[in-house]
Amino acid sequence: MTDVTRMTAVQVAALIASGEASAVEVAQAHLDRIAAVDDRVHAFLHVDTEGALAAARAVDERRAAGEELGPLAGVPVAVKDVLTTKGVPTTVGSRILEGWRPPYDSTIVERLRAAGTVLLGKTNMDEFAMGSSTEYSAYGPTYNPWDLTRIPGGSGGGSAAAIAAYEAPLAIGSDTGGSIRQPGAVTGTVGAKPTYGGTSRYGLVAFSSSLDTPGPCARTVEDAALLHAAIGGHDPRDSTSIPQPVPDVVAAARAGASGDLTGVRLGVVSEFSGEGAEPGVLAAFRDALDTLTKLGAEIVEVSCPHFQYALPAYYLIAPSECSSNLARFDGVRFGLRAGDDGSRSLEEVMSLTRDTGFGPEVKRRIMLGTYALSSGYYDAYYGQAQKVRTLITRDFTAAFEQVDVLVSPTTPFVAFPFGSRTGDPYQMYLADLFTIPTNLYGGPGISVPCGLSEGLPVGLQIMAPTMADDRMYRVAAALESAVGVLTPPAL
Ligand code: GLN
């Protein structure tokens, strides 16, 4: 049998549906691959061997009973450790939730199980999804399969690296400011942030509730679209879930694969051209624009004057919401409790628990957010940032009157060496310069590999209007048909 770990999700599903391989064989091949490489990659925080094999067996039994299987039945998937999994550890990359086994599944995980996918385990991430490199994980970083001395992006570096290292064909991430797209870009994989509210946040450990969006990671655009379709759609348990079906992203990806973009208008944001990005990244971006033009697309320069304020606005809004969301980790209800020896007051135990359980970046954000929300400063900081958010949304709305989608490099720089940005939080924040505006607006964005710079992957970001997720899949699939899928050096 050919190596199933090299196959796309579409190929794996076909193999199982035809009976050429059982779901158990496919699951075992991926578990073996994890056992062979994950000591070097560290994409996983927890591998659920028994759960995966049991799920695979159930798929094989359903097939044997003649049941019609869905398009992803038997396909292995890795899940970012930000989503609750019933009975399976969920840490959010933090000591404060070490050992916590949630009593329930998140909606995304529930839908993954219903689709017959096989959950391999939980992937590494920056603590509470705050970061761009996985260096802020309390359990040690993930290593980029392209170069093990470099970061795999973050916060969802584990999910992206698991895919790039052929440990799983599919993974789930969450994107608050770029945490699906940026790891996708620097690992040469595809990562999509759906429209906010297009995928459920029920059971997603909250960082910034008005921005958090779970979404798919894959090696191909079609695989990402299939995963998106499987997890998306209305969820009555999430009050911000959109009560409408997800647009047909799978059909859009398949249409785009023909490589015809005739009549599609792509907007290049003038405020994003140049400043802050590495020359090699800009060169790959320009090559991608040439390719897209050859496929029939029309390039239009558009101005989004408020995008330059996106980063500061985000770093007020996200910490403000996190300072409120993370108040629940008090040593009483979940996970860690420190110093509860009968000699300390409740306040002392809470304070000691939070001091021990949270890492430095999480503490920095809680302090920033608490300050920004405090009386006397609320209007000047949080209130002002919300006004900027409105202006950014207006920029998007105006741009989408002229063009179908916006395009930019996904990240200003390729995967950077460990330790090179941890000394200065601002340098780390810059990794999301191009991805954050989309989160503030609420629209969808995808990163698709567009080439290499210095031997490392570069991603093209495609941003679409809210609930027009299909548009970005079409353009991404067209680019992929011309550029091809990137293959990292053998591990
Ligand atoms: N890197 C950004 C941050 O640190 C975005 C993280 C994310 O999307 N979860 O907040």
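Keep in mind the model is a prediction, meaning the values are calculated, not measured. Every heavy atom of this structure was used, including side-chain atoms; hydrogens, water molecules and symmetry mates were not.
- Using a 4.5 Å cut-off on side-chain heavy atoms (C-beta onward), Ile231 and Thr107 make no contact.
- No side-chain heavy atom of Ile108 sits less than 4.5 Å from a side-chain heavy atom of Tyr202.
- Considering only heavy atoms from C-beta on, Val92 stays 4.5 Å or farther from Glu127 through its side chain.
- Residues Asn325 and Phe128 are not in side-chain contact: their nearest non-hydrogen atoms beyond the backbone lie 4.5 Å or more apart.
- No hydrogens or angles considered: nothing links the side chains of Thr8 and Glu222 as a donor-acceptor pair under 3.5 Å.
- Electrostatic pairing of Asp175 and Lys193 does not count as a salt bridge here, judged by no charged N lying under 4.0 Å from a carboxylate O.
- A distance-only check finds no donor-acceptor pair linking the side chain of Asp38 to the backbone of Val41 [under 3.5 Å].
- No more than 12 heavy-atom neighbours from other residues, nucleotides or ligands sit within 6.0 angstrom of OH on Tyr309.
- Dense packing is recorded around CD of Gln427, with more than 12 heavy atoms of other residues, nucleotides or ligands lying under 6.0 Å away.
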Please determine whether side chain to side chain donor-acceptor pair (under 3.5 Å) holds for the pair Arg201 and Ser241, giving the CA-CA distance in whole Å, both sets of side-chain angles, and the decisive distance to 0.1 Å.
CA-CA 8 Å; Arg201 287 186 299 107; Ser241 170; over 6 Å; no
Side chain to side chain donor-acceptor pair (under 3.5 Å) evaluation trace for Lys80 with Ser174
CA-CA 8 Å; Lys80 187 176 179 184; Ser174 69; 2.9 Å; yes
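- What you find for Ala160 and Gly184 is that their closest heavy atoms are CB-N, 4.3 Å.
- Judged purely by distance below 3.5 Å, without hydrogens or angles, the side chains of Thr220 and Glu480 never pair a donor atom with an acceptor atom.
- Donor-acceptor pairing under 3.5 Å is recorded for the side chains of Glu321 and Ser208.
- Using a distance-only test at 3.5 Å, with no hydrogens or angles considered, no donor-acceptor pair links the side chain of Asp395 to the main chain of Ser303.
- Side-chain atoms of Asp470 never come within 3.5 Å of backbone atoms of Ala252 as a donor-acceptor pair (strictly under, hydrogens ignored).
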Could you go through the side chain to side chain contact (heavy atoms under 4.5 Å, CB included) check for Gln244 and Met467 one step at a time?
CA-CA 9 Å; Gln244 273 175 46; Met467 289 309 274; 3.8 Å; yes
Stepwise, does the side chain to side chain contact (heavy atoms under 4.5 Å, CB included) test hold for Tyr136 with Met428?
CA-CA 11 Å; Tyr136 298 142; Met428 192 68 86; 3.9 Å; yes
Just do the salt bridge (Lys or Arg N to Asp or Glu O under 4.0 Å) check on Arg237 and Glu110 with the steps written out, would you?
CA-CA 12 Å; Arg237 292 182 296 189; Glu110 208 175 78; 3.0 Å; yes
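- Counting only N and O atoms by type, the side chains of Asp81 and Thr91 include a donor and acceptor under 3.5 Å apart.
- Judged by distance alone, the side chain of Arg471 and the main-chain N or O of Val405 form no donor-acceptor pair under 3.5 Å.
- Using modelled atom types, no side-chain atom of Thr262 and backbone atom of Gly296 make a donor-acceptor pair closer than 3.5 Å.
- Under the 3.5 Å distance criterion, with hydrogens and angles disregarded, no donor-acceptor pair is assigned to the side chains of Asn144 and Thr187.
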Applying side chain to side chain donor-acceptor pair (under 3.5 Å) to Ser447 and Gln461, what does each step give before you reach the verdict?
CA-CA 4 Å; Ser447 179; Gln461 177 180 222; over 6 Å; no
Verify side chain to side chain contact (heavy atoms under 4.5 Å, CB included) between Thr123 and Val79, making sure each step is shown before the conclusion.
CA-CA 6 Å; Thr123 58; Val79 177; over 6 Å; no
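- Counting heavy atoms from C-beta on, the side chains of Leu226 and Val10 come closer than 4.5 Å.
- Of the residues Thr240, Thr213, Asp212, the one that meets the side chain to side chain donor-acceptor pair (under 3.5 Å) test with Tyr196 is Thr240.
- For the 3.5 Å distance criterion, the side chains of Gln182 and Ser132 fail to qualify, holding no donor opposite an acceptor.
- Heavy atoms only, all atoms of each residue included: Pro214 and Leu204 are closest at CB-CD1, 4.4 Å.
- The distance from atom CD of Gln386 to atom OG of Ser320, rounded to the nearest 0.5 Å, is 8.5 Å.
- Under 3.5 Å, the side chains of Arg181 and Asn439 contain a donor-acceptor pair of N or O atoms.
- Between the side chains of Ser258 and Asp260, no donor-acceptor pair is found at a separation under 3.5 Å.
- Between Leu316 and Ala385 the shortest heavy-atom distance is CB-CB, 3.9 Å.
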With side chain to side chain donor-acceptor pair (under 3.5 Å) as the criterion, how do Thr90 and Thr85 come out once you've worked through the C-alpha distance, each side chain's angles and the decisive distance to 0.1 Å?
CA-CA 7 Å; Thr90 301; Thr85 38; 3.2 Å; yes
Phe44/Glu167 under side chain to side chain contact (heavy atoms under 4.5 Å, CB included): CA gap, chis, key distance, verdict:
CA-CA 10 Å; Phe44 286 86; Glu167 295 172 278; 3.9 Å; yes
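- Taking the six-membered ring for Trp and thresholds of 30 and 60 degrees, Phe416 and Phe413 have ring planes more than 60 degrees apart, a perpendicular arrangement.
- Side chains of Ser137 and Asp126: no donor on one and acceptor on the other come within 3.5 Å.
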Stepwise ring-ring contact (aromatic ring centres under 6.0 Å, His included) check, Phe396 with Phe307:
CA-CA 9 Å; Phe396 271 108; Phe307 279 19; 4.8 Å; yes
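- Using a distance-only test at 3.5 Å, with no hydrogens or angles considered, no donor-acceptor pair links the side chain of Tyr381 to the main chain of Ile317.
- The CZ atom of Phe272 lies 9.0 Å from the CG atom of Leu406; values are rounded to the nearest 0.5 Å.
- Remark: the backbone N or O of Thr84 is paired with a side-chain donor or acceptor of Ser106 at under 3.5 angstrom.
- Rounded to the nearest 0.5 angstrom, Ile299 CD1 and Leu266 CG are separated by 4.5 Å.
- Phe207 is not listed as a side-chain neighbour of Val82, based on a closest heavy-atom distance of 4.5 Å or more.
- Side chains of Thr435 and Asp432: a donor on one and an acceptor on the other come within 3.5 Å.
- Other residues, nucleotides and ligands contribute at most 12 non-hydrogen atoms within 6.0 Å of the CZ atom of Arg394.
- At least one side-chain heavy atom of Leu452 sits under 4.5 Å from a side-chain heavy atom of Leu486.
- At a threshold of 4.5 Å between non-hydrogen side-chain atoms, the residues Met7 and Val75 do not count as touching.
- Formation of a donor-acceptor pair under 3.5 Å by the Arg219 side chain with backbone atoms of Thr189 is not found in this model.
- A ring-centre distance under 6.0 Å is found for Phe418 and Tyr143.
- No hydrogens or angles considered: a donor-acceptor pair under 3.5 Å links the side chains of Ser200 and Asp235.
- Other residues, nucleotides and ligands place no more than 12 heavy atoms under 6.0 Å from the NZ atom of Lys387.
- Ring centers of His42 and Tyr139: at least 6.0 Å apart, outside the cut-off.
- Between the Asp404 side chain and the Val264 main chain, no donor and acceptor come within less than 3.5 Å of each other.
- At least one donor-acceptor pair under 3.5 Å links the side chain of Arg111 to the backbone N or O of Gly233.
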